K.L.:
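Can you read through this structure? Questions will come right after.
These figures come from a predicted structure and were not determined experimentally. Protein chains get the first letters and strands the later ones, always in sequence-line order, with residue 1 at the start of each. Computed from heavy atoms alone, side chains included, the values below leave out hydrogens, waters and symmetry copies.
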Amino acid sequence: MSELQPVRVRIAPSPTGDPHVGTAYTTLFNFLFARQQQGKLILRIEDTDQKRARRDSEEMLFSTLKWLGLHWDEGPDVGGDYGPYRQSERKEIHQQYAQQLVQQDKAFYCFCSAERLQQVRDAQRAAGESPGYDGHCRHLTQDEVKSRLAAGESHVVRLKVTRPGQVTFEDGIRGPITIDLKQVDDQVLIKSDGFPTYHLANVIDDHLMKISHVIRAEEWISSTPKHVLLYQAFGWPLPKFYHLPLLRNKDQSKISKRKNPVSLNYYRRKGILPPAMLNFLALMGSSFAEDQEIFSVEEMTARFKLNKISLGGPIFDMVKLKHLNQHYIKAMGPRCFAAHVREEMYSQDFLEQIYPLFCERITAFEEFVDKTSFLYNGELDYRDLPIVPKKRTPLETKAAFEKLLEKVDQADVWDVEFVEQMLSGVQQELELKPRDFLMPVRIAVTGRKDSPPLPQSIVCVGKAMTRFRLAKACEFLAQLEVNPS
RNA sequence: GUCCCUAUCGUCUAGUCUGGCCCAGGACACCGCCCUUUCACGGCGGCGACGGGGGUUCAAAUCCCCCUGGGGACGCCA
């Protein structure tokens with residue numbers, strides 16, 4: 001393609017929770033394209049959801065992407081000419097542009113309550129119609145709007161979509177996509193807390209940051225018309241759109257933590273090497289040669305073809321990942337091998353962290369490896385362990401784990417204090433005796449009856465691995481219920 | 001329910017645009033054999049796919065249509 005403008009691509013993660021494998025996937029493709037075109041990769045934090053965005057998630061995202069070797073040219077941490085790169089710090093800009101649309105009668109104030117909107121949608125669904133905003137506040141008089149605003153009524157700003165009509169845009173991988181405006185809602189632009197929605201902020205920021213190619217996940221296709229409408233309303237040129245296929249669970253649904261480990265921290269902890277992870281991700285949806293599948297980032301950069309991505313949703317296959325990882329382990333050589341074990345498994349920090357737990361539990365270092373094995377093992381074997389307490393059923397135990405899993409997912413810190421509260425919280429909520437709750441959890445998370453104190457053990461095992469083991473324990477219990485042994 | 005995307009071995013894919021070189025190639029997994037006092041690695045071989053139906057054509061995995069399957073979206077989440 002002939003690019004007169006410099007290539008500028010972006011990744012726009014929202015800092016909620018653990019860094020996601022899908023984020024790495026999208027980042028990799030943006031990264032490869034930017035490098036290949038000698039363009040720039042911008043990292044923009046989309047933290048306009050004040051209820052969910054967390055600063056520590058942002059930190060974790062940075063360090064994880066760096067671990068993978070995915071570097072960006074502009075971002076909140078490295079700066080750049082188009083900042084700020086955190087959307088929450090651009091609120092005034094977004095509001096200003098929203099105002100502009102209101103003045104031009106391309107957007108309007110809406111005073112509808114969330115409850116009313118929910119009722120409307122429910123009714124529409126019940127009637128077999130597609131749910132959407134009913135235009136209730138579209139035609140309020142200027143005077144009415146003014147007085148309700150003056151009265152401090154809670155409100156949002158919505159885009160005034162002029163129907164009938166349709167929007168056609170070009171997807172660089174799929175070709176033209178046409179969507180009827182019947183399917184496009186009068187999208188909220190500014191939320192009642194004054195923050196912009198994704199749709200508004202994303203369009204404004206992409207334009208202001210001179211983004212040339214929007215490379216993002218397929219789930220955005222159906223909202224692209226909203227974005228196109230906004231570009232048109234502002235009179236801005238469209239970037240090129242490329243929608244990447246969605247990574248899938250084994251059952252082909254969109255990859256989710258319910259069915260698959262999705263935290264990059266899990267894979268790091270598991271001992272997946274960055275080049276293996278990148279190589280694996282790169283193979284999902286694209287092929288760089290007919291008879292080769294091992295590629296360095298340099299080779300991938302040279303051979304990458306953005307417009308030739310296969311669109312069947314690829315299933316995230318751990319077995320293949322491990323195969324590639326083994327290749328990289330064999331290729332890393334003794335020096336890297338030793339360095340990796342020392343830095344990732346027996347790091348100074350980690351050993352100091354676990355010292356208090358094990359110094360009183362070993363009498364000579366010959367016991368160290370065995371006693372600490374649960375910190376390094378992945379999936380555990382629960383057979384022959386009393387994971388179900390006496391007088392309790394597998395299903396009850398499973399229910400307790402599921403409750404705990406919910407709390408784990410909501411966790412935004414991971415320290416002893418938090419884990420203690422989490423454990424006692426669930427135990428009390430379920431009205432379980434300590435031994436009927438704590439021992440099963442201990443076995444689920446550590447695979448043994450004699451681990452160091454549970455909260456400390458759980459902290460050391462790590463959030464991602466704890467989540468994985470609890471989920472696996474649930475599977476084990478479900479199977480035990482069906483097929484008691 | 002409505003709309004959009006999508007469809008080659010169990011999985012990741014090559015081939016599809018520019019029909020014939022494809023009774024479909026590679027990799028993972030699986031199975032067998034070889035190497036090996038075990039395991040692993042490695043080598044060799046095997047199993048295994050164009051979702052179905054119409055059409056266009058001398059010729060279709062490749063182009064068109066319908067059906068079916070899968071997925072996504074329909075939020076003051078991104």
K.L.:
Check ring-ring contact (aromatic ring centres under 6.0 Å, His included) between His20(A) and all other residues, then give those that pass, not counting sequence neighbours.
P.N.:
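Partners of His20(A) by the ring-ring contact (aromatic ring centres under 6.0 Å, His included) criterion come out as none, since no residue qualifies.
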K.L.:
Can you tell me the base-pairing partner of rU2(B)? Count Watson-Crick or G-U wobble geometry only, both distances below 3.5 Å, and say none if there is no partner.
P.N.:
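Per the H-bond distance test, rA73(B).
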K.L.:
Need two values: the first and the last nucleotide of RNA chain B, 5' to 3', having an atom under 4.0 Å from any heavy-atom of chain A.
P.N.:
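Span of nucleotides near chain A: rG1(B) to rA78(B).
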K.L.:
So, using side-chain contact (heavy atoms from CB on, under 4.5 Å) as the criterion, who are the partners of Gln326(A) when residues are at least two apart?
P.N.:
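In terms of side-chain contact (heavy atoms from CB on, under 4.5 Å), with neighbours along the sequence ignored, Gln326(A) is linked to Lys330(A).
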K.L.:
Which ones in residues 60-80 of chain A lie close to RNA chain B, meaning a heavy atom under 4.0 Å from one of its atoms?
P.N.:
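RNA chain B contact set from residues 60-80 of chain A: none.
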K.L.:
Please classify the nucleic acid contact of Arg174(A) as base, sugar-phosphate, or nothing, using heavy-atom distances under 4.0 Å.
P.N.:
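Since only primed, P, OP1 and OP2 atoms lie under 4.0 Å of Arg174(A), the category is sugar-phosphate.
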K.L.:
Remember a base hit wins even if backbone is also touched, and classify Thr48(A) as base, sugar-phosphate or nothing at under 4.0 Å, heavy atoms.
P.N.:
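Sugar-phosphate, backbone atoms only, no base.
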K.L.:
Taking only residues two or more places apart in sequence, or in another chain, which ones meet Phe234(A) in a ring-ring contact (aromatic ring centres under 6.0 Å, His included)?
P.N.:
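Partners of Phe234(A) by the ring-ring contact (aromatic ring centres under 6.0 Å, His included) criterion, ordered by chain and then number, come out as Tyr97(A), Trp236(A).
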K.L.:
When all nucleic acid strands are considered with a 4.0 Å heavy-atom cut-off, which category describes Lys254(A): base, sugar-phosphate, or nothing?
P.N.:
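Contact class for Lys254(A): sugar-phosphate only.
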K.L.:
Carefully, step by step, assess Leu208(A) and Tyr82(A) under the rule side-chain contact (heavy atoms from CB on, under 4.5 Å).
P.N.:
CA-CA 7 Å; Leu208(A) 261 21; Tyr82(A) 300 88; over 6 Å; no
K.L.:
So what does Pro314(A) hit on the nucleic acid, given a heavy-atom distance under 4.0 Å: a base, only sugar-phosphate, or nothing?
P.N.:
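Contact class for Pro314(A): sugar-phosphate only.
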K.L.:
As a quick check of understanding, evaluate side-chain contact (heavy atoms from CB on, under 4.5 Å) for Val214(A) and Arg10(A), giving each step before the final call.
P.N.:
CA-CA 7 Å; Val214(A) 171; Arg10(A) 101 280 125 115; 3.8 Å; yes
K.L.:
Could I get the full list of ring-ring contact (aromatic ring centres under 6.0 Å, His included) partners for His94(A), not counting sequence neighbours?
P.N.:
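With neighbours one apart ignored, the set is empty.
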K.L.:
For Lys308(A), which contact category applies under a 4.0 Å heavy-atom criterion: base, sugar-phosphate, or nothing?
P.N.:
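Sugar-phosphate: the residue Lys308(A), judged by heavy atoms under 4.0 Å, touches backbone atoms but no base.
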K.L.:
Should the pair Arg158(A)-Asp186(A) be classified as a salt bridge under the 4.0 Å nitrogen-to-oxygen rule?
P.N.:
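Asp186(A) and Arg158(A): not salt-bridged.
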